[in-house]
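Quick caveat: nothing in here was measured; it's all calculated off a predicted structure. FYI, side chains are in, hydrogens and waters are out, and symmetry mates aren't considered; it's all heavy atoms of this structure.
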Amino acid sequence: MIRVLIVDDHEVVRQGLRFVLEQEPDITVTGECADGQSAIEAIQEQRPDVVLLDLVMPGLDGLGVLHALRNEDSGPAVIVLTSFLAADQAVDAVRAGASSYLPKTTAVDRVVEAVRAAAAGGSVLDSGVAALLVRKLREDEPAGPLRGLSPRERDVLAELARGRSNREIARALALGEQTVKTYVSSILAKLGLQDRTQAAIFGLQQGLVPLRDALSDKDP
């Protein structure tokens with residue numbers, strides 16, 4: 001039996017979801033909450049398998065609930081069910097731990113499918129939401145030659161552009177010097193550069209560090 005908690009500040013929505021879910025022989029609704037704080041308390045008391053969560057609520061909102069649940073060792077799967085389909089909200093919710101992100105206009109059988117998938121460790125994404133996520137991720141990708149570098153390699157390249165030594169980079173990024181050396185070698189290989197001086201110039205050309213900052217930056 002899949003235990004579900006419904007969290008939404010609209011009573012009509014909660015009642016509709018409860019009616020739909022309780023028609024299913026393998027699903028039971030453990031309770032309803034109208035705000036984030038009561039949801040966290042109910043989750044701790046009822047230990048549901050799945051939470052249907054609205055994002056916009058009075059007091060603690062849905063993202064706040066998701067962030068609070070990240071500290072739980074064995075928290076429930078969370079399905080965001082919302083009226084708002086903004087790319088930033090979708091990305092933030094998924095990054096905060098939501099297993100599915102669905103608009104409230106989703107067909108009821110799709111919601112039931114999402115509940116079963118979440119209980120089994122899977123995900124269901126509305127096609128419109130999936131398109132938003134793909135578009136947002138593409139927008140966040142670095143353009144041009146930086147695309148082949150990992151986020152950490154871009155950090156190291158920025159420090160090279162500041163003219164810092166491996167030891168200074170290690171201290172600035174909380175890395176070991178050997179690790180920094182490995183990153184530098186990887187950066188040179190990926191970008192087809194000969195040495196760290198070329199890498200520093202390239203980093204400046206790509207705007208990783210404003211030229212005035214590179215000229216004035218001094219490691220403390």
To the closest 0.5 Å, what do you measure between [atom1] ([X]) and [atom2] ([Y])?
| X | Y | atom1 | atom2 | answer |
| --- | --- | --- | --- | --- |
| Leu53 | Tyr101 | CG | OH | 10.5 Å |
| His67 | Leu60 | NE2 | CG | 10.0 Å |
| Gln15 | Glu11 | CD | CD | 4.5 Å |
| Ile40 | Glu45 | CD1 | CD | 12.0 Å |
| Leu188 | Tyr183 | CG | OH | 14.5 Å |

side-chain contact (heavy atoms from CB on, under 4.5 Å) evaluation trace for Val184 with Lys181: CA-CA 5 Å; Val184 171; Lys181 185 176 179 181; 5.7 Å; no
Donor-acceptor check, side chain of [X] to backbone of [Y], threshold 3.5 angstrom: yes or no?
| X | Y | answer |
| --- | --- | --- |
| Glu153 | Ser150 | yes |
| Gln198 | Gln194 | yes |
| Ser99 | Ala118 | no |
| Asp9 | Met57 | no |
| Lys104 | Ser83 | no |
| Arg14 | Glu32 | no |
| Arg196 | Arg164 | yes |

Shared hydrophobic cluster for [X] and [Y] (ILVMFWY, side-chain gaps under 4.5 Å):
| X | Y | answer |
| --- | --- | --- |
| Val29 | Ile79 | yes |
| Val115 | Leu17 | yes |
| Leu52 | Ile43 | no |
| Ile2 | Val78 | no |

Side chain to side chain contact (heavy atoms under 4.5 Å, CB included) partner of Cys33, chosen from Val7, Asp54, Ile6: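 For Cys33, the side chain to side chain contact (heavy atoms under 4.5 Å, CB included) test succeeds with only one of Val7, Asp54, Ile6, which is Val7.
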Distance-only donor-acceptor check, side chains Glu22 and Thr28, under 3.5 Å: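 Glu22 vs Thr28: no donor-acceptor pair found between side chains.
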Residue pair Leu157 / Ala199: nearest heavy atoms and the distance that separates them: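 Nearest pair, atom of Leu157 first, then Ala199: CD1-O, 3.3 Å.
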Shortest non-hydrogen separation from Ala93 to Val80 and the atoms involved: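 Answer, listing the atom of Ala93 first, then Val80: CB-CG2, 4.2 Å.
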Note: Arg162-Glu159 ion pair, threshold 4.0 Å (strictly below):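 Result for this pair is yes, salt bridge flagged.
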Charged N-O contact under 4.0 Å between Glu24 and Arg116: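 So Glu24 pairs with Arg116 through a salt bridge.
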Side chain to side chain, Leu149 and Val156, heavy atoms closer than 4.5 Å: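 No, too far: nothing below the 4.5 Å cut-off.
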